[in-house]
Amino acid sequence: MSSIRRALLSVTDKSGLVDFAKRLAGRGIELISTGGTARLLREVGLPVRNVSEVTGFPEILDGRVKTLHPRIAGGILARRSNPNHMSALVEHDIAAIDMVVVNLYAFEKTAARECAAFDELIENIDIGGPSLIRAAAKNFRDVAVVTDSSDYDWLADELEANDGALADETHWRLARTAFEVTAAYDRAIVAALVRRTPAGETLAADEPQLPALLDIRLPLRKTLRYGENPHQRAALYSDGKTGIAGARQLHGKELSYNNLVDLDACLQLIREFDEPAVAIVKHTNPCGCAQDDSPAEAYRKALACDPVSAFGSVIAVNREIDADTATEMAKLFIEAVAAPGYSAEAQAILTKKKNLRLLDVDSSSPGFLLRSVSGGYLLQSEDSRETSPESFRVVTERSPGASERRALEFAWKVVKHIKSNAVLYAREGQTVGVGAGQMSRVDAACVGAAKAVLPLQGAVAASDAFFPFADGLEEIARHGATAVIQPGGSKRDGEVIAAADRLSLAMVFTGVRHFRH
């Protein structure tokens, strides 16, 4: 146990500080503080010494220099078990500091404001605070470092229970938290400034900068029951701010590893649509997707694509779920639903299913996608390149009609979310057959047709990459499709176009590939 006799308090966020300081002073602990914190403590009648009294030197440079002084640093860093250190304190008339209570300038809050000026960001980079925290954490055996206001109450309780002392384990626990605080603070600074020039100008948003150092440090959000299979251990790590990882679960049993992966795929797909839309996903592939004037009708159309595969699926909707949509969903066994809200009636309907997981989620874009490989990580920007219908290039003798064109536009939004090789059959606003994850494109065309429940005659087809041979196109035509959308770019484009003309297909090239592995 280490006794606390003197504490330095210097905080930006003063929540709970007064009560904590009163309890420290009540134990006879001497309080040292800086500017605004010292004024607050004096206003409530607490005895407090200014840091400038301790150092014999005033705060200067508009407060940029307050605590950077040997009389402060020495009082924190001196090892009490080292006679030479203690002699140095006596020689230089330095009083030991046993507790440091510090939180930092609100840099992240400033950086989160779009209007924050570059110079304002720079001025909100704390210097003295991280130095105090790091010094106290380094000397954790003798100094308690407090960086989180939620720790105030239990620390005061421990001090009162132990006659003004804290356990060694408490010191170490506080130090670990402190090192996490300074590390997170530095990461926030890097994240905010990496997209700025030395003059403070913001780099263009369409030029994503891949980091020179990939820093992945996220808190454990929850331990999962298991991973993809029961014999695998798994956990979710997230800052809980956006996406599926940051969703608010309203109902149902615990989310599984596979639920989270499928829901993420579902959410990425549904972000493609401005109109009311529904995506039904199984094993990361859509087994149905549709758009319509209402979520309920979009759900009915999505389900009609493959009602067998939809059993045990996850579903995402890009509108608040109403009672009509919920009533339809309640007829099917579903693992989880993600949507930006639920009406009271819809929630009452869906919560009757005890295990159905309901998530309230936003559809914010993460910007980058990360996955692991053995020995490392792969990072890439999102596949978010928009391909406007105006850029579609008709390459066949026949141009698609208005209905075909609308169906092609819809199919192109969906096919990018199907595992390669992918061929999708669709009508206006509705998937018809999904050929996913095949080793050849002609096989994907066959599987998509075989999976179709709805009529293929008059449908259109989309391919995530070019047709290397005409056989895939011939397979599509054989099942009654009338138009095709694909990136183009094959050495045999001429042969494929000639086959399309021979088969009376309309075909457009987008110039953009959408592989998905």
Side-chain angles (χ1 to χ4, degrees), residues 4 6-18 20-21 24 29-41 48-55 57-78 94-113 116 118-140 142-152 155 171 173-193 215 217:
I4 307 298
R6 188 173 294 103
L8 169 62
L9 298 84
S10 181
V11 297
T12 299
D13 178 4
K14 297 175 175 57
S15 303
L17 181 71
V18 169
F20 184 52
L24 295 180
I29 296 171
E30 180 185 354
L31 305 181
I32 305 168
S33 192
T34 56
T37 306
R39 283 194 299 275
L40 175 65
L41 299 180
V48 57
R49 294 183 68 195
N50 272 65
V51 163
S52 57
E53 295 178 48
V54 175
T55 63
F57 203 91
E59 295 181 12
I60 61 171
L61 307 181
D62 299 319
R64 279 190 167 198
V65 179
K66 302 175 185 176
T67 56
L68 298 175
H69 193 282
R71 287 188 178 277
I72 299 299
I76 295 170
L77 285 165
I94 297 174
I97 296 171
D98 309 304
M99 176 180 281
V100 171
V101 183
V102 173
N103 55 53
L104 306 175
Y105 293 169
F107 181 87
E108 286 185 272
K109 185 182 293 185
T110 302
R113 296 194 347 254
F118 183 72
D119 287 346
E120 185 181 5
L121 288 176
I122 297 300
E123 285 307 311
N124 273 276
I125 297 175
D126 203 324
I127 303 301
S131 299
L132 292 172
I133 291 171
R134 195 177 298 275
K138 177 175 181 175
N139 201 25
F140 69 90
D142 298 312
V143 181
V145 55
V146 186
T147 56
D148 188 340
S149 59
S150 66
D151 292 333
Y152 291 168
L155 281 171
H171 279 248
R173 172 183 170 182
L174 293 170
R176 291 199 306 268
T177 299
F179 284 127
E180 289 172 1
V181 166
T182 56
Y185 196 74
D186 287 338
R187 287 196 304 276
I189 293 170
V190 172
L193 300 185
D215 186 359
R217 187 176 177 85

What one should report as the nearest heavy-atom pair of Ser52 and Pro58 is CB-CA, 4.0 Å
Of all heavy-atom pairs linking Leu132 and Val100, the shortest is CB-CG1, 4.2 Å
Looking at OG of Ser33 and CG of Leu17, how far apart are the two atoms once the value is rounded to the nearest 0.5 Å? 7.5 Å
Output, in order, the C-alpha distance, side-chain angles, deciding distance and verdict of side-chain contact (heavy atoms from CB on, under 4.5 Å) for His69 and Val51. CA-CA 10 Å; His69 193 282; Val51 163; over 6 Å; no
State which residues pass salt bridge (charged side-chain N to carboxylate O under 4.0 Å, His left out) with Arg6; sequence neighbours excluded, sorted by chain then number. Glu30
Using side-chain heavy atoms (C-beta onward) and a distance below 4.5 Å, is Lys14 in contact with Leu40? yes
Using side-chain contact (heavy atoms from CB on, under 4.5 Å), reason through Leu104 and Ile133 one step at a time and then give a plain yes or no. CA-CA 9 Å; Leu104 306 175; Ile133 291 171; 3.7 Å; yes
In Å and rounded to the nearest 0.5 Å, what is the CZ to CG distance from Phe20 to Leu31? 9.5 Å
Could you state the interatomic distance from CZ (Arg49) to CG (Leu41), rounded to the nearest 0.5 Å? 14.5 Å
Minimum heavy-atom separation for Val143 and His171, please, with both atom names. O-ND1, 3.2 Å
Hey, is the main chain of Arg71 close enough, under 3.5 Å, to the side chain of Thr55 for a donor-acceptor pair? no
Reference residue Arg134; test side chain to side chain contact (heavy atoms under 4.5 Å, CB included); the match among Leu77, Thr182, Val181, Ile76: Thr182
I need the minimum non-hydrogen distance between Ser15 and Tyr152, along with the two atoms involved. O-CE1, 3.5 Å
For residues 32-41, pull every pair meeting salt bridge (charged side-chain N to carboxylate O under 4.0 Å, His left out), keeping only residues two or more places apart or in separate chains. none
Straight-line distance of Asp148 CG to Glu180 CD, nearest 0.5 Å: 10.5 Å
Give a yes or no on this: more than 12 heavy atoms of other residues, nucleotides or ligands lie within 6.0 Å of atom CZ of Arg187. yes
Rounded at 0.5 Å granularity, tell me how far CD1 in Ile32 sits from OG1 in Thr67. 11.5 Å
Step by step, would you call Val102 with Val145 a side-chain contact (heavy atoms from CB on, under 4.5 Å)? CA-CA 8 Å; Val102 173; Val145 55; over 6 Å; no
Could you go through the side-chain contact (heavy atoms from CB on, under 4.5 Å) check for Thr37 and Val101 one step at a time? CA-CA 11 Å; Thr37 306; Val101 183; over 6 Å; no
For a quick test of reading the model, state the closest non-hydrogen atom pair linking Asn139 to Ala78 and the distance between them. ND2-O, 3.0 Å
How close do Ala144 and Leu174 get, heavy atom to heavy atom, and via which atoms? CB-CD1, 4.0 Å
